[in-house]
Number of protein chains: 2
Amino acid sequence: MNPLDQRIVSCLVANARSSYAEVGKVVGLSAPAVKRRVDRLLDRGVLRGFTAVVDPEALGWGTEAFVEVHCRGNVSPSRIRARVEPLPEVVAAYTVTGAADAIVHLRAADIHQLETALERLRGLDIVDRTVSTVVLSRLLDRPPAAGGG
Amino acid sequence: MNPLDQRIVSCLVANARSSYAEVGKVVGLSAPAVKRRVDRLLDRGVLRGFTAVVDPEALGWGTEAFVEVHCRGNVSPSRIRARVEPLPEVVAAYTVTGAADAIVHLRAADIHQLETALERLRGLDIVDRTVSTVVLSRLLDRPPAAGGG
DNA sequence: ATTGAAATATTGCATAC
DNA sequence: GTATGCAATATTTCAAT
């Protein structure tokens, strides 16, 4: 992972559909050279793939929340993952420091669907209680810089 | 935004670099027809763009945290946005219900950089105090389903 | 890095709803 | 007017050197 790779990754984060030639023009490489590096980055898992960035509002997923999950007793991270993964409203989940065992990021069409998702989340056998924080507005949402640090 | 568009969006969320012909084969449309719909979705802002999914670890952004931000007095969302936007470690920010005024999602190279970012965040004139929750492990991180609800 | 064949993107145009 | 498919051209990919 050298500076050249980082710049290639930056280009693709900015626009995943740009051609290898376009990326090459920016980083000073020929198109085939860029492709070989991209393939290598995909192989090594640095690049996980390419995705479309969708406006959640437009799709009818305008309501989101962060939920602290407190579990009964000791529950392993992998078990938490296995239980929350099937819920389609779960966008992300993390184990965290502090009183909670996990933070679950939910995204739903509206408050009602959010409530339903929350009920299903609270119904999981591993869950003791939850503390929800509903998002009022998304102030910022951006891909991480690729040239980190 | 009809079911056809939703399926096209799904395809591109799954793989932003798939060809229009590939998408067309899935949704039952010709390549030009797919392109025209994609262009229209981009125009309308339903599709914001296409990005590479990067492994934060591999880029040296392995440490992240969620920070509750409590402001002094009444601060408008746009003002919060303006203050946190310049910090490169800020991946996302939301105004929320509950005691906190905002939740800021931070991503840094390590605990030290996270601490530095936190100090800068707490140094903002609008910030009264912060409550940090450090992520121990990312259990799940996926794009939202496109056929929502 | 360059070449050349195959795949893909993009535009114009005719057609159907 | 809106959306589609087909065909033609331009561009890009990808394996060869």
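Naming: A, B, ... by sequence-line order, numbering from 1 per chain. When reading the values below, keep in mind they use all heavy atoms of this one structure, side chains included, and skip hydrogens, waters and symmetry mates. What you see is a predicted model, and the numbers here were worked out from it, not measured in a lab.
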Practice item. Answer yes when B/Arg120 and B/Glu89 have at least one side-chain N-carboxylate O distance shorter than 4.0 Å, and no when they do not. Key: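 Yes, B/Arg120 and B/Glu89 are salt-bridged.
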Point to revise | Carboxylate-amine/guanidinium proximity below 4.0 Å for B/Asp5 and B/Arg40 | key: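 A salt bridge links B/Asp5 with B/Arg40.
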Between [X] and [N], is there a contact of a side-chain N or O with OP1 or OP2 at under 4.0 Å?
{"X": "B/Arg17", "N": "D/dT13", "answer": "yes"}
{"X": "B/Lys35", "N": "C/dA9", "answer": "no"}
{"X": "B/Tyr20", "N": "C/dT10", "answer": "yes"}

[N] [atom2] sits how many Å from [X] [atom1], rounded?
{"X": "A/Glu22", "N": "D/dT11", "atom1": "CD", "atom2": "C1'", "answer": "10 Å"}
{"X": "A/Leu12", "N": "D/dT12", "atom1": "CG", "atom2": "P", "answer": "15 Å"}
{"X": "B/Leu29", "N": "C/dA16", "atom1": "CG", "atom2": "P", "answer": "18 Å"}
{"X": "A/Arg36", "N": "C/dA1", "atom1": "CZ", "atom2": "P", "answer": "10 Å"}
{"X": "B/Ile8", "N": "D/dT4", "atom1": "CD1", "atom2": "P", "answer": "8 Å"}

Check your understanding: What residue among B/Val91, B/Leu118, B/Val90, B/Thr130 forms side chain to side chain contact (heavy atoms under 4.5 Å, CB included) with B/Val104?
Key ->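 Result: among B/Val91, B/Leu118, B/Val90, B/Thr130, B/Val90 is the only option passing the side chain to side chain contact (heavy atoms under 4.5 Å, CB included) with B/Val104.
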Exercise for review: Decide yes or no for B/Leu4 and B/Arg7: does some side-chain heavy atom of the first lie under 4.5 Å from some side-chain heavy atom of the second?
Suggested key: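 Yes, their side chains come closer than 4.5 Å.
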Check your understanding: A/Pro32 side chain: which of D/dA7, D/dC14, D/dT4 is closest?
Key ->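 In terms of side-chain proximity for A/Pro32, the closest of D/dA7, D/dC14, D/dT4 is D/dC14.
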Practice item. For DNA chain C, determine which residues of residues 37-45 of chain B have any heavy atom closer than 4.0 angstrom to one of its atoms, and list them numerically. Key: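 Contacts with DNA chain C under 4.0 Å: none.
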Exercise for review: Have a look at A/Ser19 and say if it touches a base, only the backbone sugar-phosphate, or nothing, with a 4.0 Å heavy-atom cut-off.
Suggested key: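 Sugar-phosphate, backbone atoms only, no base.
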Check your understanding: On the ring face of B/Phe50, is A/Arg17 found with NZ or CZ under 6.0 Å from the centre and within 45° of the axis?
Key ->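 The answer is yes; both the distance and angle limits are met.
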Check your understanding: Do A/Phe66 and B/Phe66 have ring centroids that are under 6.0 Å from one another?
Key ->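 Yes, close enough.
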